[in-house]
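Letters A, B, ... are given to chains in the order of the sequence lines, protein chains preceding strands, and every chain is numbered from 1.
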Amino acid sequence: MTISKRQTSMRTHMCGEIGTSDIGQTVTVCGWVAKRREHGDKLAFVDLRDYSGIVQCVIDNAVDVRSEYVVKITGVVRPRPEGTVNVNLSTGEVEIGECVVEVLRSAEPPPFPVDARADDVDENVRLQYRYIDIRRERMQKNLRTRAKVNSAVRTAMESQGFVEVETPMLVPSTPEGAREFLVPSRKEPGSFYALPQSPQLFKQLLMVAGIDRYYQIARCLRDEDLRADRQYEFMQLDAEMSFVNQDDVLAAISTAVIAAAESVTGVKPDPIQQITWREAMERFGVDKPDLRFGMELTELTSIFSSTEFKAFAGAESIKGIRVEGKAEEFGRNKLDALTDRAKKMGAKGLVWLKVATDGTLESPVVKFLSADEQSQLISSLQAKAGDLLLIVADEWSMTCEVLGTLRNDLGRPPVHQGPYRYVWVTEFPLFVGVDKETGQPKPGHHPFCQPHPDDLDKFESDPMSVRSLAYDLVLNGWELGSGSIRIHEPEMQRRVFTALGISEDEANRKFGFFLKPFTYGAPPHGGFAFGLDRLVAILAGEENIREVIAFPKTQSGQDPMTNAPTRAENKQLDELGIRVLPPKV
RNA sequence: GGUCUCGUGGUGAAGUUGGAGUUCACGCCGGCCUGUCAAGCCGGAGGUCGCGGGUUCGAGUCCCGUCGGGACCGCCA
């Protein structure tokens, strides 16, 4: 026996799908009472809700049904009397009359309105009663959007020959990376599994294992502080491919992302453009540029090559942004706040100039700038009367970073506001910064990432300038995910470990179980993973991934509905060989 | 770990230089009502102002601490 998408033995129609074409039919609908309006002994209106929408049922007022009662209503679809059509309701041209009402279950009054008004309710209360919150249109839509994305991604991956393989949730703890959740072993007290931060190790081993193209919609867990775009557990499209170069991986993932976006918006996004990490930093000051607005960083270093102004003289990099028409709006307080922000990020200072109505510059520092410098500044930034100009002179990375942050602060629209601008950022540096303790370079992505073939000659002489075959996918300034071509040759891996200051002993100790399989014939391979929660949130028009997760945790990592995490029973702890320390005072 | 911010009947808010748990809307309970639709009218119930101290004749309001929510920084190879 098969069952239809909607019809069951208890109902013939969905509430929100009843329309004029059903007029005259006897229908049975099931759902929750959204609203009851009483009009004397014999007449009452009941708005019945299921996930598809709301339909008005005309009932005998003697029937006692109240908010959120679960009922089954059988009646005849009929057009509404003239003048009583409700244009705000998809079913507003019809109603169900001659109703027989069966109460399947009574209900307590809900703690908050089960409609858009609950958008203003304290999120903690919504989470405490999440099963009611999810009855609302917004949550129904978001969770169904999520399902559409998952489905589109699966279809796209499978159509490209990827094989879904499930990897374990109980894995060994790995020394690098994010803090892990640990799971105690009962059979071996004192030993622990970790919950996976990602299936990284396993998917690369699947390449050694000849799976060729692997994907998984994988749950990943990281015990790091939560944010609007971060939860302890989150879902990724995780993929890995053999015998590929970077373009192959980008093409495969682009196909999946574009399919996901199209499944939700109905519009197929343009091919995803690419920029290098260097260019992203030069133009936008961040490695996850938001391409929806301009205000790009303008290169000014050469203008001030022989300047008298001490703050600019000898600076490695001088850049500026033009904040269009904001000169008047930014008084002393706001400018001081911007300067503070820049200094907190480590900049020596922030220079601001305003363009007056006569086109001249106004600023405390203008007297230090030559007429030539001033005019070049105005022309380079294409400054016009009423503009505010912000300039930073510092080391290249600091200059970019500070202005990039100010650009986002001053110009960035909410993340979900269209248009959707996807971009691949490629050629990330292989090493980023230096470990404070060891003085050795730190991996930009992870230590198994393939260096850029054009930079191999600089590997030992100038490691910090070596690019990698690592890439990020960015949407509207949100990092969706990242990936790389991996190292598959032990010689190259040794060079990278050496540059990182990891000895052969240490490498074998930390990564042995991972490195050994590579000696048995590892194909060239690369992969990618991107966060589905973030993609769904943006496509659903939400600013917070909690809105697209059925049962999320609060910022402190708790679930107000289940009260997790809870204290373990002594009996359980005994069995696991665990003793809990008294709370720190 | 840090910065900022919020906490007042079930929900959302207002609450003035510190002066009685005061107010508004929704919801809830009861009554009226035959065309409403986030119905309308009448009546009613419902709060340890997150919690604990302090200042004061007097604290929702001021101070200190604490708990909880949120945003951000650190962190997230």
Mate of B:G21 across any strand shown (Watson-Crick or G-U wobble, both atom pairs under 3.5 Å) is none
Aromatic rings A:Phe459 and A:Phe431: how do their planes relate, parallel, tilted or perpendicular, breaks at 30° and 60°? perpendicular
Regarding the side chain of A:Arg66, the nearest nucleotide among B:G35, B:G30, B:A38 is B:G30
Q.
If the cut-off is 4.0 Å, is A:Arg37 near the phosphate of B:U36, judged by side-chain N/O to OP1 or OP2?
A. no
Here the distance between atom C1' of B:C26 and atom CG of A:Asp120, to the nearest Å, is 12 Å
Just call it for A:Ala228: base, sugar-phosphate, or nothing, with non-hydrogen atoms closer than 4.0 Å on any strand.
-> sugar-phosphate
Taken to the nearest whole Å, CE/A:Met345 to C1'/B:C73 is 10 Å
**OP:** Select base, sugar-phosphate, or nothing to describe what A:Asn124 touches, counting heavy atoms under 4.0 Å on all strands.
**Re:** sugar-phosphate
Note to self: Taking atom types as they are modelled, would you say the side chain of A:Arg230 forms a donor-acceptor pair with the base of B:C76 within the 3.5 Å cutoff?
What the structure shows: yes
query: B:U36 base stacked by A:Phe45? Criteria: ring centres under 5.5 Å, plane angle under 30°.
result: yes
Here the distance between atom P of B:G69 and atom CG of A:Asp559, to the nearest Å, is 11 Å
Nearest-Å distance once atom P is located in both B:U23 and B:C4: 36 Å
* Answer yes or no: is there a donor N or O on one side and an acceptor on the other, between the side chain of A:Thr399 and the main chain of A:Asp394, under 3.5 Å? => yes
- Beyond-backbone contact of A:Asp133 with A:Tyr129, side-chain heavy atoms, under 4.5 angstrom: no
Whole-Å distance, A:Met561 CE to B:G69 P, equals 16 Å
Walking RNA chain B from its 5' end, the first of A:Asp122 and A:Gly444 to be reached, judged by nearest nucleotide, is A:Asp122
Here the distance between atom C1' of B:C37 and atom CG of A:Asp115, to the nearest Å, is 13 Å
Rounded to whole Å, CD of A:Gln555 lies from C1' of B:C73 at a distance of 12 Å
Taking B:G69, B:U34, B:G27 as options, the one with an atom nearest any side-chain atom of A:His39 is B:U34
With sugar-phosphate meaning primed atoms plus P, OP1 and OP2, does A:Asn88 contact a base, only sugar-phosphate, or nothing at under 4.0 Å between heavy atoms? nothing
So, for A:Phe181 and A:Tyr232, is the gap between ring centers shorter than 6.0 Å? yes
Exercise for review: Identify whether any heavy atom of A:Arg534 sits under 4.0 Å from a base atom; if not, whether one sits that close to sugar-phosphate; answer base, sugar-phosphate or nothing.
Suggested key: nothing
Practice prompt. For A:Gln128 and A:Glu123, indicate whether the former's side chain and the latter's backbone hold a donor-acceptor pair under 3.5 Å.
Written response: no
Euclidean distance for C1', B:G9 against B:G21 (whole angstrom): 10 Å
Worksheet item: Is A:Pro81 touching bases, backbone alone, or none of the nucleic acid, heavy atoms closer than 4.0 Å?
Response: base
Regarding the side chain of A:Gln56, the nearest nucleotide among B:C75, B:C37, B:A38 is B:C37
**Asked** Can you tell me how far P in B:C49 sits from the matching atom in B:U22, rounded to whole Å?
**Response** 12 Å
Rounded to whole Å, CG of A:Leu43 lies from P of B:A39 at a distance of 14 Å
query: With a cut-off of 6.0 Å (strictly less than), are more than 12 heavy atoms of other residues, nucleotides or ligands near CZ of A:Arg138?
result: yes
Applying the 3.5 Å cut-off to both distances, the Watson-Crick or G-U partner of B:C4 turns out to be B:G70
Picking from B:G1, B:U34, B:U11, the nucleotide nearest the side-chain atoms of A:Val121 would be B:U11
message: Counting the atoms with a prime plus P, OP1 and OP2 as sugar-phosphate, which does A:Asp340 contact under 4.0 Å by heavy atoms, base, sugar-phosphate, or nothing?
response: nothing
- Do the side-chain N or O atoms of A:Gln128 get closer than 4.0 angstrom to the phosphate oxygens (OP1, OP2) of B:G69? no
Check: Contact class for A:Glu95 vs. all strands (heavy atom < 4.0 Å): base, sugar-phosphate, or nothing?
Finding: base
Measure from the ring center of A:Phe511 to the ring center of A:His446 and say whether it is less than 6.0 Å.
-> no
Are A:Arg227 and B:C73 close enough that a side-chain N or O sits under 4.0 Å from OP1 or OP2? yes
_For B:U36 and A:Lys35 - does any side-chain N or O of the residue sit under 4.0 Å from the phosphate oxygens OP1/OP2?_
no
Suppose you measure atom C1' in B:G27 against the same atom in B:G47; what distance do you get, rounded to whole Å?
15 Å
Re B:U56: Watson-Crick or G-U wobble partner, both distances kept under 3.5 Å, found to be none
As its Watson-Crick or G-U partner within any shown strand, both distances under 3.5 Å, B:U34 has none
**Request:** Write down the distance separating the P atoms in B:U3 and B:G19, rounded off to the nearest Å.
**Result:** 32 Å
| message | Taking the P atom in each of B:C64 and B:U55, what is the distance between them to the nearest angstrom? | response | 15 Å
Whole-Å distance, A:Asp119 CG to B:C26 C1', equals 15 Å
Do the side-chain N or O atoms of A:Arg126 get closer than 4.0 angstrom to the phosphate oxygens (OP1, OP2) of B:G69?
-> no
Paired to B:C76 by Watson-Crick or G-U wobble criteria (both distances under 3.5 Å) is none
> So, do A:Trp32 and A:Tyr51 have ring centers that fall under 6.0 Å from each other?
Replying inline: no
Just to be sure I understand the rule, does A:Lys42 reach a base, reach only the sugar-phosphate, or reach nothing, if contact means heavy atoms closer than 4.0 Å?
base
Look at A:Ser67 and B:G27 and indicate whether a side-chain polar atom (N or O) is within less than 4.0 Å of OP1 or OP2.
no
How far does the C1' atom of B:G52 sit from the matching atom of B:A59, given to the nearest Å? 15 Å
Item to complete: Check whether NZ of the Lys or CZ of the Arg A:Arg407 lies under 6.0 Å from the centre of the six-membered ring of A:Phe293 and within 45 degrees of that ring's axis.
Response: yes
Of the listed B:G74, B:A39, B:G69, the closest approach to the A:Asp225 side chain comes from B:G74
Whole-angstrom distance between B:G60 and B:A14, as gauged at atom C1'
12 Å
Of the candidates B:U11, B:C37, B:C28, the side chain of A:Arg80 sits closest to B:C37
- Donor-acceptor pair present, A:Glu38 side chain and B:U36 base, under 3.5 Å: no
**Message:** With a 4.0 Å limit, can you tell me whether A:Thr84 has a side-chain N or O closer than that to the phosphate oxygens OP1/OP2 of B:C37?
**Reply:** no
